[in-house]
Amino acid sequence: QVQLVESGGGLVQAGGSLRLSCAASRRTFSSYTMAWFRQAPGKEREFVATISWNGGNTYYADSVKGRFTISRDNAKNTLYLQMNSLKPEDTAVYYCAADVKDGLGSQSRWYAHWGQGTQVTVSS
């Protein structure tokens, strides 16, 4: 079982930037495919980005492509999401997720482990 703790959320103006972090509890972090999802009030959880175990492969939702960058530091057991050019529609609770399966999943049911989430609010 891996425990995930997100941080870095907050309030930012449209056009600004934030970097989210997700700290994992296990030294086997490098074995996990990792991802970010988000959930806005009244909406379903949606995929944001995913990254392979070694960082060599990434995949993004069209809505964030070119603005967000997912990365990881396996030596620090940490996943990141750099968010630039933020828009009010990016406002949501952001969750990191992990799974040991090979490949890159964009469906929430693909991931077995979840963090508690961090709130991102973008004001217009």
Side-chain angles (χ1 to χ4, degrees):
Q1 182 81 3
V2 60
Q3 294 183 331
L4 305 171
V5 179
E6 301 95 335
S7 61
L11 173 64
V12 63
Q13 288 189 333
S17 299
L18 280 175
R19 188 176 81 155
L20 305 183
S21 299
C22 173
S25 62
R26 293 183 65 108
R27 287 184 291 176
T28 54
F29 173 76
S30 61
S31 301
Y32 290 83
T33 295
M34 301 295 297
W36 289 98
F37 286 77
R38 66 187 182 186
Q39 188 167 18
K43 295 187 177 181
E44 293 187 354
R45 190 168 299 189
E46 67 170 351
F47 168 75
V48 174
T50 182
I51 188 168
S52 60
W53 66 274
N54 64 353
N57 292 295
T58 58
Y59 178 67
Y60 296 89
D62 287 343
S63 59
V64 306
K65 201 174 297 182
R67 300 188 298 121
F68 292 9
T69 302
I70 189 172
S71 62
R72 65 191 298 162
D73 185 338
N74 287 344
K76 295 182 178 180
N77 293 347
T78 303
L79 174 73
Y80 302 101
L81 184 68
Q82 178 66 44
M83 305 186 295
N84 299 328
S85 301
L86 282 160
K87 304 174 181 180
E89 52 262 44
D90 294 318
T91 295
V93 176
Y94 283 71
Y95 299 89
C96 68
D99 203 278
V100 295
K101 292 193 291 290
D102 287 334
L104 300 176
S106 61
Q107 301 290 321
S108 59
R109 62 178 179 269
W110 200 88
Y111 294 88
H113 308 285
W114 292 84
Q116 84 291 346
T118 185
Q119 176 71 47
V120 172
T121 303
V122 184
S123 62
S124 58

Glu6 (side chain) donor-acceptor with Leu20 (main chain) under 3.5 angstrom | no
Tyr111 versus Thr50, side-chain donor and acceptor atoms under 3.5 Å | yes
Would you find a donor on one side and an acceptor on the other, under 3.5 Å apart, between the side chain of Thr118 and the backbone of Gly9?
-> yes
Would you check, one step at a time, whether the test side-chain contact (heavy atoms from CB on, under 4.5 Å) holds for Ser108 with Phe47?
-> CA-CA 7 Å; Ser108 59; Phe47 168 75; over 6 Å; no
Measure from the side-chain N and O atoms of Ser31 to the backbone N and O of Phe29, and report whether any donor-acceptor pair falls under 3.5 Å.
-> no
Cation-pi check, Arg45 onto Trp114 ring (under 6.0 Å, within 45° of axis) = yes
Is Val64 reachable from Val122 through a run of hydrophobic residues whose side-chain heavy atoms are each under 4.5 Å from the next?
-> yes
Of all the heavy-atom pairs spanning Ile51 and Ser71, show the shortest one and how long it is.
-> CD1-CA, 3.7 Å
Any residue meeting side-chain contact (heavy atoms from CB on, under 4.5 Å) with Gln82, in chain and number order, not counting sequence neighbours = Ser17, Arg19, Thr69, Asn84
Please test Ile70 against Trp36 for side-chain contact (heavy atoms from CB on, under 4.5 Å), starting from the C-alpha separation and ending with a verdict.
-> CA-CA 8 Å; Ile70 189 172; Trp36 289 98; 3.6 Å; yes
Arg72 to Tyr32 six-membered ring, cation-pi geometry met (6.0 Å, 45°) = no
Can you give each donor-acceptor pair under 3.5 Å made by side-chain atoms of residues 93-104, sequence neighbours left out, with the distance rounded to 0.1 Å?
{"residue": "Tyr94", "atom": "OH", "partner": "Arg38", "partner atom": "NH1", "Å": "2.9"}
{"residue": "Tyr94", "atom": "OH", "partner": "Asp90", "partner atom": "O", "Å": "2.6"}
{"residue": "Asp99", "atom": "OD1", "partner": "Lys101", "partner atom": "N", "Å": "3.0"}
{"residue": "Asp99", "atom": "OD1", "partner": "Lys101", "partner atom": "NZ", "Å": "3.1"}
{"residue": "Asp99", "atom": "OD2", "partner": "Lys101", "partner atom": "NZ", "Å": "3.4"}
{"residue": "Asp99", "atom": "OD2", "partner": "Ala112", "partner atom": "N", "Å": "2.9"}
{"residue": "Lys101", "atom": "NZ", "partner": "Trp110", "partner atom": "O", "Å": "2.6"}

Tyr60-Val120 co-clustered via ILVMFWY side chain contacts under 4.5 Å = yes
Quick one: do Lys87 and Arg67 satisfy side-chain contact (heavy atoms from CB on, under 4.5 Å)? Show the steps, please.
-> CA-CA 10 Å; Lys87 304 174 181 180; Arg67 300 188 298 121; 3.8 Å; yes
Which value, rounded to the nearest 0.5 Å, describes the distance between Glu46 atom CD and Gln107 atom CD?
-> 12.0 Å
Give a yes or no answer on whether the side chain of Asn74 reaches the backbone of Trp53 with a donor-acceptor pair at less than 3.5 Å.
-> yes
Find out if a path of hydrophobic residues (ILVMFWY) with successive side-chain heavy-atom gaps under 4.5 Å connects Val48 to Met83.
-> yes
From Ser52 OG over to Asn57 CG, what is the distance, rounded to the nearest 0.5 angstrom?
-> 4.5 Å
So the salt bridge (Lys or Arg N to Asp or Glu O under 4.0 Å) pairs with at least one residue in residues 55-64 (sequence neighbours excluded) are Asp62-Lys65
Say you draw a straight line from OG of Ser21 to CG of Leu81; how long is it, rounded to the nearest 0.5 Å?
-> 9.5 Å
Over all heavy atoms of both residues, which pair between Ala35 and Leu79 is shortest? Give the atoms and the distance, please.
-> O-CD2, 3.8 Å
To the nearest 0.5 Å, tell me how far Leu18 CG sits from Phe68 CZ.
-> 9.0 Å
Rounded to the nearest 0.5 Å, how far apart are OG of Ser124 and CD of Gln13?
-> 9.5 Å
